[in-house]
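Below: one structure, written as structure tokens.
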Amino acid sequence: MFEINKELASKTYTNEWIEFAAWYRSLALETAQNPDAILKFSDHKYVQKRIEIETFCSAVKRAQMLEALSYGDPGVLLSAPGSSLSGVLLNEIGSPQQKEYFFNYIKDNACRSFFAVTEPEKGSDAANMAASLNADMQLSGEKMLFGNGAVAPIGTVLFKQGSGMLGMCAAMITPELLSSGSIKRVVLPTYGLRGAQISYMHFENTPIDESLLLGQHLSPVERGMMSMLKTFHRYRPGVSALAIGQAQAMVDYVRLNCNSVSVNLLNKYDHQLAIVREQNLSAAAQVDIEPLKGAVVSLIKAKATSICEEISQGILSSLQGGQLLEHPWLMKSAADMYGYEYMEGTTHIHHLNVDSGLKRNEFAL
């Protein structure tokens with residue numbers, strides 16, 4: 001069985017999260033087959049709780065929540081209703097009216113949201129995006145490899161509205177726009193983390209009303225690259241937390257269910273996870289204070305991804321013969337673990353951020 005052992009979980013997580021995570025775990029295999037399964041529970045207390053907490057939480061609180069819920073199951077977490085990265089961006093540069101509309105829509109409809117940045121030809125290089133808004137306020141371009149883009153009824157999109165760094169802009173995409181016929185979107189096939197429903201989206205002369213442009217009450221610098229950096233920095237500890245939570249779940253599961261894996265090896269993994277967990281929460285606390293300083297966050301994201309992949313590989317190599325086939329949740333988790341490298345920047349991007357941070361003296365004691 002793949003249910004959470006609550007006594008073992010309590011060594012790492014507080015009672016605030018264990019029952020919540022256990023509910024996620026109960027939906028894990030169903031969600032892997034049908035990512036929409038959780039929508040049957042839109043009125044469930046845990047769906048509403050996540051939406052409520054995520055709306056205005058700090059990077060530390062978000063990391064704590066996402067780690068514990070990923071311990072339950074990351075696929076369920078990523079398929080569940082919530083404001084996600086778009087909520088962070090709205091909190092950063094949205095007007096009071098835009099925030100009210102967005103967060104009330106998420107709450108009232110218990111729905112997912114999307115954050116469309118990555119492009120087929122440009123990747124996540126936000127400074128050189130091809131998607132653009134013309135003089136007639138029509139948006140054209142492509143976005144891909146972002147969660148829930150083909151299924152969420154609301155979200156945000158980044159694009160250029162002029163040349164140079166000051167031309168970067170963002171807009172809210174409403175249900176009305178998504179049903180206008182000018183936006184095409186599709187879920188891309190994936191093997192791991194299927195609950196995220198990684199998507200492709202194409203905008204063709206999509207009319208963007210000025211009321212949907214984010215940050216118009218701010219300077220071009222504040223609503224452009226600066227806001228993007230703050231958004232990414234605030235959310236990245238959450239991605240590290242996803243990897244840490246799932247790796248801890250795999251270690252705890254194997255400790256209880258797979259005698260072929262060395263106890264000494266599992267103790268080593270527990271120690272590694274305890275260290276990177278503490279470092280991740282410390283990085284989150286730092287970015288809560290100074291959101292433009294993201295070098296430490298990048299360092300920990302790269303480290304967490306690497307350690308968690310190492311743990312997954314070590315567990316799999318310790319299993320005997322076809323033993324993995326006896327544990328479908330563990331098999332699914334092993335596939336999921338390789339998705340975090342591509343969430344919120346790959347390792348080489350984070351190494352570049354760390355190098356820049358060293359030059360800016362961000363690691364000074």
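If you read the sequence from its start, that first residue is 1, and numbering goes on from there.
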Identify the heavy atoms of S113 and I106 that sit nearest to each other, and give their distance. CB-CD1, 4.0 Å

Are there over 12 heavy-atom neighbours, none belonging to K107, within less than 6.0 Å of that residue's NZ? no

Can you tell me how far CG of L299 sits from CD of E362, rounded to the nearest 0.5 angstrom? 11.0 Å

With no hydrogens and no angle check, is any side-chain donor or acceptor of Q272 less than 3.5 Å from a backbone partner on I307? no

Correct closest heavy-atom pair for A110 and I51 would be CA-CD1, 3.8 Å

S79 side, atom OG; Q197 side, atom CD - distance, nearest 0.5 Å: 7.5 Å

May I ask you to say whether R185 pairs ionically with E204, meaning some side-chain N is under 4.0 Å from a carboxylate O? no

Within the structure provided, determine whether D355 and L352 are in side-chain contact (heavy-atom separation under 4.5 Å). no

For S180 and S182, which I'm curious about, is there any donor-acceptor pair between the side chains at under 3.5 Å? yes

Are I244 and Q279 packed together at the side-chain level, in the sense that at least one heavy-atom pair is separated by less than 4.5 angstrom? no

With the side chain counted from C-beta on, respond yes when F146 and M201 share a heavy-atom pair under 4.5 Å apart, and no when they do not. yes

R234 bridged to E92 by N-O distance under 4.0 Å: yes

Mind checking the OG-CG spacing from S312 to L316? Nearest 0.5 Å is all I need. 4.5 Å

Students often mix this up, so state it plainly: with edges at 30° and 60°, are the rings of Y46 and W23 parallel, tilted or perpendicular? tilted

Do the side chains of I173 and T156 get nearer than 4.5 Å, heavy atoms only? no

Heavy-atom check, side chain of L212 versus side chain of L177, under 4.5 Å: yes

Sub-3.5 Å donor-acceptor pair from the side chain of R112 to the main-chain atoms of A152, do we have one? no

Rounded to the nearest 0.5 Å, what's the gap from OH on Y71 to CZ on R25? Could you check? 6.0 Å

Taking the side chain as every heavy atom from C-beta outward, state whether L145 and Y342 have any pair of such atoms under 4.5 Å apart. no

Can you classify the ring geometry of F232 versus F115 as parallel (below 30°), tilted (30 to 60°) or perpendicular (above 60°)? perpendicular

Please name the pair of heavy atoms, one in I154 and one in C111, separated by the smallest distance, quoted to 0.1 Å. CG2-SG, 4.2 Å

Do NZ/NE/NH1/NH2 and the carboxylate oxygens of E290 and K293 come within less than 4.0 Å? yes

Within the distance-only criterion (no hydrogens, no angle test), does the side chain of S84 pair as donor or acceptor with the backbone N or O of S86 below 3.5 angstrom? no

If you take all heavy atoms of R62 and C57, which pair is closest and at what distance? NH2-O, 3.3 Å

Under the salt bridge (Lys or Arg N to Asp or Glu O under 4.0 Å) criterion, do K6 and E19 qualify, and how do the steps go? CA-CA 8 Å; K6 295 176 185 177; E19 290 292 342; 2.8 Å; yes

Would you sort out whether Q138 and T206 count as a side chain to side chain donor-acceptor pair (under 3.5 Å), showing the intermediate values? CA-CA 5 Å; Q138 295 177 327; T206 302; over 6 Å; no

Side chain to side chain donor-acceptor pair (under 3.5 Å) between D252 and Q248, worked out: CA-CA 6 Å; D252 287 357; Q248 186 68 64; 3.1 Å; yes

Assess the side chains of S211 and D209: does a donor N or O sit below 3.5 Å from an acceptor N or O? yes

Does the side chain of R50 come within less than 4.5 Å of Y24's, by heavy atoms? yes

Could you walk me through whether K301 and E344 satisfy the salt bridge (Lys or Arg N to Asp or Glu O under 4.0 Å) test, starting with their C-alpha distance in whole Å, then the side-chain angles of each, then the deciding distance to 0.1 Å, before giving a yes or no? CA-CA 9 Å; K301 197 274 181 178; E344 293 304 305; over 6 Å; no

Search all heavy atoms of F103 against all heavy atoms of G87 and return the closest pair with its distance. CZ-O, 3.5 Å

Who passes ring-ring contact (aromatic ring centres under 6.0 Å, His included) against Y105, sequence neighbours left out? none

Take Q161 and S132 through the test side chain to side chain donor-acceptor pair (under 3.5 Å) and record every step on the way to the result. CA-CA 6 Å; Q161 194 184 16; S132 62; over 6 Å; no

Using the salt bridge (Lys or Arg N to Asp or Glu O under 4.0 Å) rule, take D288 and K61 through it: C-alpha gap first, then chi angles, then the decisive distance, then the call. CA-CA 10 Å; D288 274 332; K61 184 70 172 180; over 6 Å; no

Set of ring-ring contact (aromatic ring centres under 6.0 Å, His included) partners for F102, sequence neighbours left out: none

If you draw a 6.0 Å radius around CG in N259, do more than 12 non-hydrogen atoms from other residues or ligands fall strictly inside? no

Any donor and acceptor pair, going by atom type alone, linking the side chain of N280 with main-chain N or O of P237 inside 3.5 Å? yes

Got more than 12 heavy atoms from elsewhere within 6.0 Å of CD, E176? yes

Salt bridge (Lys or Arg N to Asp or Glu O under 4.0 Å) assessment of D73 paired with K332: CA-CA 10 Å; D73 187 79; K332 183 196 78 70; 2.8 Å; yes

For the CD atom of Q246 and the CG atom of L69, what is their distance to the nearest 0.5 Å? 13.0 Å

Start with the C-alpha distance between R194 and N34, add both sets of side-chain angles, then the distance that settles side chain to side chain donor-acceptor pair (under 3.5 Å), and finish with yes or no. CA-CA 8 Å; R194 293 189 63 220; N34 174 23; over 6 Å; no

Check whether any side-chain heavy atom of M250 sits under 4.5 Å from a side-chain heavy atom of L330, and report yes or no. yes

Looking at E54 and K49, is there a salt bridge between them, counting it only when a charged N and a carboxylate O are closer than 4.0 Å? no

Can a donor-acceptor pair be found, under 3.5 Å and without considering hydrogens, that links the side chain of E309 to the backbone of S306? no

Closest non-hydrogen atom pair between S227 and E222, with its separation: CB-O, 3.2 Å

OH-CZ distance between Y253 and F2, expressed to the nearest 0.5 angstrom: 8.5 Å

Tell me, yes or no, whether the heavy-atom count around E100 atom CD, taken from other residues, nucleotides or ligands under 6.0 Å, exceeds 12. no

If you count the non-hydrogen atoms of other residues, nucleotides and ligands that lie under 6.0 Å from CD in E16, is the total more than 12? yes

